[in-house]
Structure formats: C-alpha cells, structure tokens
Amino acid sequence: MFEGAQIATLLEELEVTHVVTIPDSTLGPWLSEITETQVQVIQVCREGEAWGVAAGLYMGGASPVVMIQCTGLFESGDALRNLLHDYRLPLFAIVGYRSYLSQDTLPGDTCLTFTEPILDAWKLEYRLIAAPEQFAEIAGLYRSCRDEGRSGVALIAEGKA
C-alpha cells in the first residue's frame, strides 16, 4: 500500500532516530529505503526483544519506532506490557496487520480475529491505516503520542487489496 520512500521520508520528518524491527514481507521492503536516510535500522531476533531495544534507545535520548507484524505483536506481549504500562515508556510502533486486505482470499486467518482486540486489551491507542489516503494519520498519531508522552500503534493493513 505504501512505498519504502514514503515511509523513509515520513520517519525523517518525524525525527525518528531508529527503527527496531523484524521485517515481514510487507514491512521488509521498506528497509532499503530507510537505510538510505539518517534513521538507523536495528534488526532483532524476536519481537519481544524489539521493545526492550527500543526502550533502551528511548531512555538514552533517542526516538525509536518498533516495526513488526501483528503476529510478532502477539509474541511480544509481556515485554510490551512491562515497558509500556509498568515503566510507562511512550514507545510507538508501526505494526503490519497481516491479511487484512486479503480477507476474501484468505478466510480464517486468525490475525483478523485477535489483533484489534489485543490492542484494546493492552489499552494501546491505535489507528487502522487501511487505505493510501490515510497515510497522514500515521504522522498525526505519532505526533500526538509524542507530545502527550503516551504509546501508540499505527496498524498498517497488509495483503492484496
């Protein structure tokens, strides 16, 4: 839905310093464009690790973004809960919403059943970005979260439209 150059430019405009990621088939292609900017890309082994690395960067004065797919969001729940709620760190994530745009051709993908309810259960503010014309909402959410010192998630619909 979005090109790597759009995301790279957005991250620079938002003054993001690091992207902590495990790339998937949708988010991964953005990395080559992001690495051509001042934004540093840090690839981790597990999604739970991404939150810890982002927390350390944030505490050191950086402005990181976690970039993972929703299945990794499920895996990283305890790290997310601890850092965002117990330590109250205002970390931001861009999360790929697997199969959202392919509901007709991939019926039964349980990502569609669990992703948004899990974000609600964890009391995370999020915006579902399901159409190209919603691109500006990513920046709006990021800025409001940063300015108010809270966490947020830009939930990017993936799949074939």
Side-chain angles (χ1 to χ4, degrees), residues 1-43 47 50-51 53-55 57-58 61-74 76 80 83-85 88-106 109 111-112 114-161:
M1 178 168 35
F2 302 121
E3 298 295 323
Q6 287 177 281
I7 299 298
T9 299
L10 174 67
L11 294 171
E12 281 192 308
E13 288 172 2
L14 295 174
E15 299 178 350
V16 169
T17 58
H18 298 80
V19 169
V20 185
T21 189
I22 293 183
D24 68 4
S25 58
T26 298
L27 306 179
W30 299 346
L31 294 184
S32 63
E33 303 277 350
I34 294 169
T35 59
E36 294 176 12
T37 69
Q38 296 298 313
V39 178
Q40 289 187 321
V41 174
I42 299 174
Q43 293 190 36
E47 289 84 351
W51 295 102
V53 170
L57 289 164
Y58 175 80
S63 297
V65 166
V66 172
M67 190 180 300
I68 57 178
Q69 191 178 54
C70 62
T71 54
L73 180 73
F74 305 158
S76 63
L80 181 153
L83 295 167
L84 276 55
H85 293 294
R88 296 186 176 114
L89 297 180
L91 301 177
F92 191 85
I94 296 174
V95 175
Y97 198 168
R98 189 181 83 186
S99 303
Y100 186 87
L101 298 173
S102 301
Q103 294 179 42
D104 293 338
T105 57
L106 294 171
D109 186 340
C111 287
L112 303 172
F114 296 111
T115 300
E116 292 177 78
I118 284 175
L119 290 170
D120 290 334
W122 287 333
K123 296 179 173 51
L124 291 175
E125 181 176 351
Y126 69 94
R127 294 286 181 284
L128 173 58
I129 310 299
E133 54 271 11
Q134 291 181 279
F135 185 75
E137 291 181 38
I138 301 169
L141 178 60
Y142 179 87
R143 287 184 179 113
S144 69
C145 288
R146 180 193 59 206
D147 294 348
E148 296 173 23
R150 57 188 166 72
S151 300
V153 174
L155 188 58
I156 309 296
E158 294 183 353
K160 295 181 181 178

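None of the values given here were measured: they were computed from a predicted structure.
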Of all residues at least two apart in sequence or in a different chain, which pass the side-chain hydrogen bond (donor to acceptor under 3.5 Å, both in side chains) check with W51?
S76

Would a 4.5 Å heavy-atom cut-off, applied to side chains only, mark R127 and I138 as touching?
no

Non-hydrogen atoms of P23 and G28 that approach each other most closely:
CB-CA, 3.3 Å

Between CG of L57 and CD1 of I42, what distance do you get to the nearest 0.5 Å?
4.5 Å

Mind checking ring-ring contact (aromatic ring centres under 6.0 Å, His included) for F74 and listing every partner two or more places apart, or none if nothing turns up?
none

Please give me the minimum heavy-atom distance between P64 and A54, naming the atom from each residue.
CG-O, 3.3 Å

List the residues meeting side chain to side chain contact (heavy atoms under 4.5 Å, CB included) with Q134, not counting sequence neighbours, and say none if there are none.
I129, A130, A131, E137

Between the main-chain N or O of L141 and the side-chain N or O of S144, is there a donor-acceptor pair closer than 3.5 Å?
yes

Apply side chain to side chain contact (heavy atoms under 4.5 Å, CB included) to E116 and list each qualifying residue two or more places apart in sequence or on a separate chain.
Y97, Y100, Y126, L128, L155

Got a second to check how far M67's CE is from I34's CD1, nearest 0.5 Å?
4.0 Å

Checking E12 now: which residues fulfil side chain to side chain contact (heavy atoms under 4.5 Å, CB included) with it, not counting sequence neighbours?
T37, Q38, V39

T115, L119, L112, I156 screened by side chain to side chain contact (heavy atoms under 4.5 Å, CB included) with C70, the one that passes:
T115

Run the side-chain contact (heavy atoms from CB on, under 4.5 Å) check on L73 and E47 step by step: do they pass?
CA-CA 7 Å; L73 180 73; E47 289 84 351; over 6 Å; no

Short question: side chain of W30, backbone of F2 - any donor-acceptor pair under 3.5 Å?
yes

Among pairs that include at least one residue of residues 6-25, which meet ring-ring contact (aromatic ring centres under 6.0 Å, His included), considering only residues two or more places apart or in two chains?
none

Quick check: do V65 and Y142 have side-chain heavy atoms less than 4.5 Å from each other?
yes

Can you see which heavy atom on S151 is nearest to which on L89, and at what distance?
OG-O, 3.0 Å

Rounded distance [0.5 Å steps], CG in L84 versus NZ in K123
13.5 Å

Distance-minimising heavy-atom pair for I94 and L27
O-CD1, 4.3 Å

Partners meeting side-chain hydrogen bond (donor to acceptor under 3.5 Å, both in side chains) with E148 (sequence neighbours left out):
R150

Under 3.5 Å, side chain of T17 to main-chain N/O of S63, donor-acceptor pair present?
yes

Does any part of the side chain of V16, heavy atoms only, come nearer than 4.5 Å to the side chain of F92, both counted from C-beta?
no

Looking at every heavy atom in both C145 and G152, which two are closest together, and how far apart are they?
SG-CA, 3.7 Å

Sequence neighbours excluded, which residues qualify as side chain to side chain contact (heavy atoms under 4.5 Å, CB included) partners of D109?
R98, S99, C111

Run the side-chain hydrogen bond (donor to acceptor under 3.5 Å, both in side chains) test against Q69 and tell me which residues pass, sequence neighbours left out.
D24, T71, E158

